[in-house]
Amino acid sequence: MRAFTLGLALLLTAPETALRRSDSPLDHLPSNVEILTHFGERADFSPDNRRVAFMAKSFGDAFEIDLETRILRCLTCHIPGAAFLRVMHLPSADFLLIGPERFEDVSRSRSRDNELWFLSRKPGSRPVRLGRRMSEGAAVSKRSTRIAYAFGPAQDATLPEGRRQIVVADLDPSSEPPALRGERVVLTAEAPGCNPEAQDFFDEDRKLTYTCYEPEGRASVWTLDLATGERTAQSSAIGYYNEVEGLFPDSRYTCVESDHQSRPFGDPASFRNIDIWKLRLDGTGRDFVRLTRFNDHEGWKASNPVVSSDGRLMAFQVARTRDEAGVGYGILLLRLDGPEAARAR
């Protein structure tokens with residue numbers, strides 16, 4: 001009897017764990033969200049905000065869709081066996097591609113063989129290798145030829161084990177062939193404490209946002225002053241998993257993939273149970289607003305957000321928690337200038 005009473009008392013005093021909904025978030029989209037494509041991942045706005053480039057799938061072809069006509073154009077379908085992971089617009093309206101020359105397996109092709117490519121905006125152009133292997137994604141300036149990317153020993157065997165670096169360079173599209181110029185290391189970090197990924201330039205290219213991937217499934221948002229080398233932690237007060245994504249045009253706020261909303265569900269820190277949040281870059285972590293609610297539905301998440309340079313639209317992807325980071329099943333648009341967005345603010 002005592003054992004039964006004790007067990008009942010523990011049951012009654014145990015904290016309740018919330019339950020997610022069993023339906024699809026696509027069946028309950030808010031009025032300011034629309035489906036742009038029913039396939040694809042890793043969206044990126046064109047410099048004039050009229051088109052969105054995206055990948056059909058991981059290790060696949062790059063596409064671009066016209067936001068007015070909704071006409072799709074494949075950028076790489078003329079390349080046999082295209083195995084790219086990312087496509088990004090350059091200010092010149094050309095493209096930066098990221099991925100291996102050919103697919104071998106997920107681990108090697110996403111890490112060791114991941115490299116930078118230049119693709120001219122002229123139809124039928126073939127990608128030009130830039131001669132730099134790198135880790136994950138790159139930061140691309142919206143006002144100049146400047147890019148930033150990270151790499152480690154998997155991409156450059158001259159680095160000691162555990163060391164990671166971020167490099168800033170200028171991409172010269174007019175040279176034959178296009179090439180990176182003036183490369184310089186702006187950040188050196190030691191894994192596993194910080195495995196960095198460059199994200200966005202801001203403050204007239206004088207500063208950079210980046211993510212530190214950390215042990216135990218955690219990640220944090222940082223900013224870097226490229227002149228002084230000063231680093232500022234932006235998400236320490238939030239904790240768990242926070243990966244910086246697309247910057248808002250005022251440079252005061254950025255999108256963040258965060259698992260902050262998953263605490264009531266009892267989830268450990270992870271990239272799997274994430275939604276999109278808006279964070280003010282003031283170092284306090286207090287101005288942190290949720291923008292999507294896909295992770296309230298079991299097995300779903302929203303990820304990889306980018307914001308148009310006029311601040312009117314956010315493109316992001318619908319994703320499943322079972323998949324690896326970056327895998328998506330369609331691109332959506334969220335209007336940031338309507339009443340729904342105002343309520344979120």
Side-chain angles (χ1 to χ4, degrees), residues 14-26 41-43 55 57-59 85-86 105-107 109-111 114 135-137 150 152 154 162 164 189-200 209-222 233-246 254-279 285 288-306 314 316-330 332:
E16 291 187 12
T17 301
L19 296 177
R20 289 184 168 89
R21 298 175 57 163
S22 60
D23 55 356
S24 168
L26 296 176
E41 58 195 42
R42 299 189 184 280
M55 299 304 305
K57 63 176 184 177
S58 298
F59 305 111
L85 289 162
R86 291 171 170 84
D105 63 56
V106 172
S107 178
S109 299
R110 184 166 176 164
S111 178
N114 197 43
S135 173
E136 294 293 338
R164 305 289 190 272
E190 300 294 333
C194 176
N195 191 355
E197 178 186 7
Q199 179 59 43
D200 269 316
T209 61
Y210 70 97
T211 297
C212 268
Y213 299 106
E214 302 161 352
E216 300 179 352
R218 296 174 180 255
S220 55
V221 178
W222 291 76
Q234 300 288 347
S235 62
S236 297
I238 304 166
Y240 292 86
Y241 189 92
N242 298 284
E243 178 182 348
V244 66
E245 293 289 343
T254 188
C255 293
V256 174
E257 291 178 351
S258 179
D259 68 351
H260 189 57
Q261 79 291 330
S262 71
R263 299 287 77 76
F265 300 107
D267 301 319
S270 171
F271 67 88
R272 297 193 182 278
N273 286 298
I274 57 172
D275 251 321
I276 300 168
W277 293 67
K278 180 180 179 181
L279 173 67
F288 195 45
V289 178
R290 191 175 179 186
L291 297 181
T292 61
R293 296 186 174 274
F294 281 47
N295 193 237
D296 288 347
H297 301 255
E298 186 65 40
W300 295 87
K301 64 181 179 180
S303 66
N304 297 86
V306 289
M314 180 183 81
F316 66 100
Q317 68 194 43
V318 58
R320 303 306 301 265
T321 57
R322 64 174 180 262
D323 292 320
E324 293 305 307
V327 175
Y329 297 92
L332 291 85

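We're numbering straight along the sequence, starting at 1. This is a predicted model, so every value here is computed, not measured.
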Any side-chain heavy-atom pair from Glu243 and Val256 closer than 4.5 angstrom? no
NZ/NE/NH1/NH2 to OD/OE distance under 4.0 Å, Glu324 and Arg110: no
Can you name the closest pair of heavy atoms from Gln317 and Gly326 and give their distance? NE2-O, 3.1 Å
Please answer whether the main-chain N or O of Glu257 pairs with a side-chain N or O of Lys301 as donor and acceptor at a distance below 3.5 Å. no
Can you check whether Ser22 reaches Glu298 side chain to side chain, under 4.5 Å on heavy atoms? no
Apply side chain to side chain donor-acceptor pair (under 3.5 Å) to the pair Ser220 and Glu214, showing each step before the final yes or no. CA-CA 8 Å; Ser220 55; Glu214 302 161 352; 2.4 Å; yes
Tell me the closest heavy-atom pair linking Ser262 and Asp267, and the distance in Å. CB-OD2, 3.2 Å
Where do Asp275 and His260 land on the side chain to side chain contact (heavy atoms under 4.5 Å, CB included) test, with the steps shown first? CA-CA 8 Å; Asp275 251 321; His260 189 57; over 6 Å; no
If only atom types and distance count, is the side chain of Ser270 paired as donor or acceptor with the main-chain N or O of Arg272 below 3.5 Å? yes
Determine, stepwise, if the pair Leu26 / Leu332 fulfils side chain to side chain contact (heavy atoms under 4.5 Å, CB included). CA-CA 10 Å; Leu26 296 176; Leu332 291 85; 4.1 Å; yes
Looking at Leu85, is its backbone amide N or carbonyl O close enough to the side chain of Ser58 to form a donor-acceptor pair, meaning the two atoms are under 3.5 Å apart? no
Please check if the side chain of Ser109 supplies one atom and the backbone of Asp105 the other of a donor-acceptor pair under 3.5 Å. yes
Is a side-chain N or O of Arg290 found less than 3.5 angstrom from the main chain of Thr292, in a donor-acceptor match? yes
Close side-chain approach of Tyr241 and Ile274, heavy atoms under 4.5 Å: yes
Would you confirm whether Glu197, through its side chain, and Gly137, through its main-chain N or O, come within 3.5 Å as a donor-acceptor pair? yes
Between His297 (side chain) and Asp23 (backbone), is there a donor-acceptor pair under 3.5 Å? yes
Main chain of Glu136, side chain of Asn114: is a donor-acceptor contact present, judged purely on distance under 3.5 Å? yes
Would Phe294 and Trp300 count as a close aromatic pair, with their ring centres under 6.0 Å? no
Side-chain donor or acceptor of Glu41 paired with backbone N/O of Tyr329 under 3.5 Å: no
Please name all residues satisfying ring pair (Phe, Tyr, Trp, His ring centres under 6.0 Å) with Tyr240, sequence neighbours left out, ordered by chain then number. none
Between the side chains of Asn273 and Thr321, does any donor sit under 3.5 Å from an acceptor? no
Could you go through the side chain to side chain contact (heavy atoms under 4.5 Å, CB included) check for Cys255 and Lys278 one step at a time? CA-CA 5 Å; Cys255 293; Lys278 180 180 179 181; over 6 Å; no
Apply side chain to side chain contact (heavy atoms under 4.5 Å, CB included) to the pair Glu190 and Arg164, showing each step before the final yes or no. CA-CA 6 Å; Glu190 300 294 333; Arg164 305 289 190 272; over 6 Å; no
If I compare all heavy atoms of Ala319 with all of Ser303, which pair ends up nearest, and what's the gap? CB-OG, 4.0 Å
With the side chain counted from C-beta on, respond yes when Ile238 and Leu279 share a heavy-atom pair under 4.5 Å apart, and no when they do not. yes
Asn295 vs Arg20, side chain to side chain donor-acceptor pair (under 3.5 Å): CA-CA, chis, key distance, verdict: CA-CA 8 Å; Asn295 193 237; Arg20 289 184 168 89; 2.8 Å; yes
Any idea how Trp277 and Phe288 line up, ring-wise: parallel (<30°), tilted (30 to 60°), or perpendicular (>60°)? parallel
Check whether Ser135 reaches the backbone of Ala150 with its side chain - one donor and one acceptor, N or O, closer than 3.5 Å. no
Indicate whether the side chain of Thr209 and that of Gln199 have a donor and an acceptor atom separated by less than 3.5 Å. no
